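Working notes, beginning with the structure itself.
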2 protein chains.
Amino acid sequence: MSKVAKFNREEVIDKATNLYWSKGYHGTSMRNLQTAIDLRPGSIYATFGSKDNLFKESINYYAAQTGELLQACLEQSATALTGLKLFIRKLVIDNLDGKPSCMCMIVKSISELTETDNKELLDEAKRLLANVENKFSEIITEAMEQGEIDSDKDASELASYIQVQIIGLRTYARVNNNEETINKFIDEIFIGSPFH
Amino acid sequence: MSKVAKFNREEVIDKATNLYWSKGYHGTSMRNLQTAIDLRPGSIYATFGSKDNLFKESINYYAAQTGELLQACLEQSATALTGLKLFIRKLVIDNLDGKPSCMCMIVKSISELTETDNKELLDEAKRLLANVENKFSEIITEAMEQGEIDSDKDASELASYIQVQIIGLRTYARVNNNEETINKFIDEIFIGSPFH
DNA sequence: GTTTTAATGGAACACTCGTTCATTATACAG
DNA sequence: CTGTATAATGAACGAGTGTTCCATTAAAAC
């Protein structure tokens with residue numbers, strides 16, 4: 001046969017994800033990506049096809065990573081609800097510094113992209129966010145079965161509520177990243193009215 | 001003297017605001033703006049100086065409009081707290097359709113702009129968001145004096161909480177604009193734990 | 001060692017970007 | 001009317017955009 005690619009595909013997507021995550025879709029140029037992932041246009045286009053497709057792979061990679069984090073939190077926790085709480089705490093607090101952005105990349109994309117100019121990418125982002133919400137719904141249903149939440153509540157409504165809280169907190173953290181206040185708000189999510 | 005400008009400055013800013021609001025800073029090109037506001041580059045640059053400055057004027061115009069809406073809600077309400085509730089309802093529900101975006105333009109900007117590439121505009125957006133929060137804090141303090149809220153609460157913390165809720169709801173509405181669910185969540189903001 | 005095949009590098013393309021500026025058009029003063 | 005001051009126009013600029021192309025390179029297969 002012939003030559004085999006010398007770069008690691010996942011490593012490249014990881015770097016591309018970090019750049020898209022911090023600068024956004026429109027704020028990231030192919031030149032930016034070329035230097036960040038240290039590949040020339042020929043290699044990038046042979047491997048990923050287009051800027052749009054690389055973005056699609058990046059946001060899917062981001063969503064998969066987040067899914068793994070959630071899974072890990074559930075496995076190391078005694079109950080479904082404590083696992084979910086741990087996940088939220090890690091998502092919001094551990095992203096305050098160091099990461100490309102304290103905001104969720106999926107939410108940033110949904111905020112930036114438009115129905116008219118970037119329909120395909122926007123729909124992908126919406127789909128990934130809906131996946132997370134479905135996962136939340138499953139976890140909440142499990143917590144109901146475990147007796148941690150009243151069974152007469154609507155699981156999918158509580159899942160929506162969790163989404164609103166995480167989106168709100170992570171976005172707000174970009175302006176006011178007071179760890180104490182944020183921790184307080186996280187504590188109150190499950191004490192608040194929809195849950196009681 | 002000489003010729004006098006024939007376009008209406010506020011009308012132009014209004015149109016620019018709507019475009020920036022829907023497409024974002026990077027997603028809006030000067031060509032887009034030229035056709036939207038029906039002015040040639042010469043006139044735009046003579047009047048506003050640069051794309052950045054036009055954006056700055058636009059986001060300030062947006063913030064001023066939002067401020068006026070809040071003021072109107074307060075004036076037509078019996079108490080400070082009911083005025084604030086009305087404002088939130090109008091912000092979230094009335095923006096679901098028709099407007100350039102159901103999301104807050106200030107939040108969209110904070111999400112899109114970066115410290116490294118657009119520091120000045122980002123800081124402006126942060127400043128405007130902080131202004132709103134300060135106004136919330138004043139309203140809550142007034143509500144405490146009117147006996148609507150326990151005086152032992154921290155007004156600025158409750159103001160933060162309101163911000164998180166509005167940001168979360170308006171962003172979430174972009175994905176799931178179920179009016180019934182959103183209305184329910186709005187009702188629960190002031191019943192939720194930080195307020196009781 | 002030769003052939004085969006695909007990955008790589010990087011110049012270059014057509015286009016769009018934000019912006020400038022010489023020119024033209026218009027309204028008022030004299 | 002004419003002169004003058006200023007608003008409006010739109011072609012044009014250099015830089016940057018996403019993308020293409022292909023000569024070169026390098027490794028696997030025979």
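These numbers come from a predicted model, not from an experiment. Order of the sequence lines fixes the chain letters, A, B, ..., with proteins taken first and strands second; residue numbering starts at 1 for each chain.
Between dA7(C) and S43(A), no contact under 4.0 Å exists linking OP1 or OP2 to a side-chain N or O.
Contact of R31(A) with dG16(D) (side chain to base): no donor-acceptor pair of N or O atoms is detected under 3.5 Å.
Shown are D152(B), I149(B), D150(B); of these, the side-chain contact (heavy atoms from CB on, under 4.5 Å) with M144(B) is made only by I149(B).
In this structure, Q34(A) atom CD and dG16(D) atom C1' are separated by 12 Å, rounded to whole Å. Following rounding to the nearest Å, R40(A) (CZ) and dA11(C) (P) show an atom-to-atom distance of 11 Å. Between the P atom of dT8(C) and the CG atom of D38(A) lies a distance of 11 Å, rounded to the nearest Å. Between the CG atom of L54(A) and the P atom of dT19(D) there is a distance of 10 Å, rounded to whole Å. A straight line from CG of L33(B) to C1' of dT16(C) spans 14 Å, rounded to a whole angstrom. One interatomic measurement links the two molecules: OH of Y45(A) to P of dG9(C), which rounds to 16 Å at whole-angstrom precision. Atom CZ of R9(B) is separated from atom C1' of dA7(D) by 14 Å (rounded to the nearest Å). Atom CG in D117(B) sits about 15 Å away from atom P in dG18(C), given to the nearest Å.
M103(B) contributes atom CE, which lies 8.5 Å from atom CZ of R170(B) (distance to the nearest 0.5 angstrom).
Using a 4.0 Å heavy-atom cutoff across all strands shown, T28(B) reaches sugar-phosphate atoms only and no base atom. S50(B) comes within 4.0 angstrom of the backbone, heavy atoms only, and of no base. Nucleic acid contact class of F48(A) (heavy atoms, under 4.0 Å, all strands): none. If you check every strand for non-hydrogen atoms under 4.0 Å, S29(B) touches sugar and phosphate atoms only.
In the set dT19(D), dT20(C), dA8(D), dT20(C) carries the atom at the smallest distance from any side-chain atom of P41(B).
Of all non-hydrogen atoms in K135(A) and L70(A), the two that sit nearest each other are CG-CD2, 3.4 Å.
Annotation: side chain of K99(B) is not in contact with side chain of M105(B) (no heavy-atom distance under 4.5 Å).
Using modelled atom types and a 3.5 Å distance limit, the side chains of S160(A) and Y172(B) yield a donor-acceptor pair.
Mapping G42(B) and K51(B) onto DNA chain C via the closest heavy atom, the residue that lands nearer the 5' end is K51(B).
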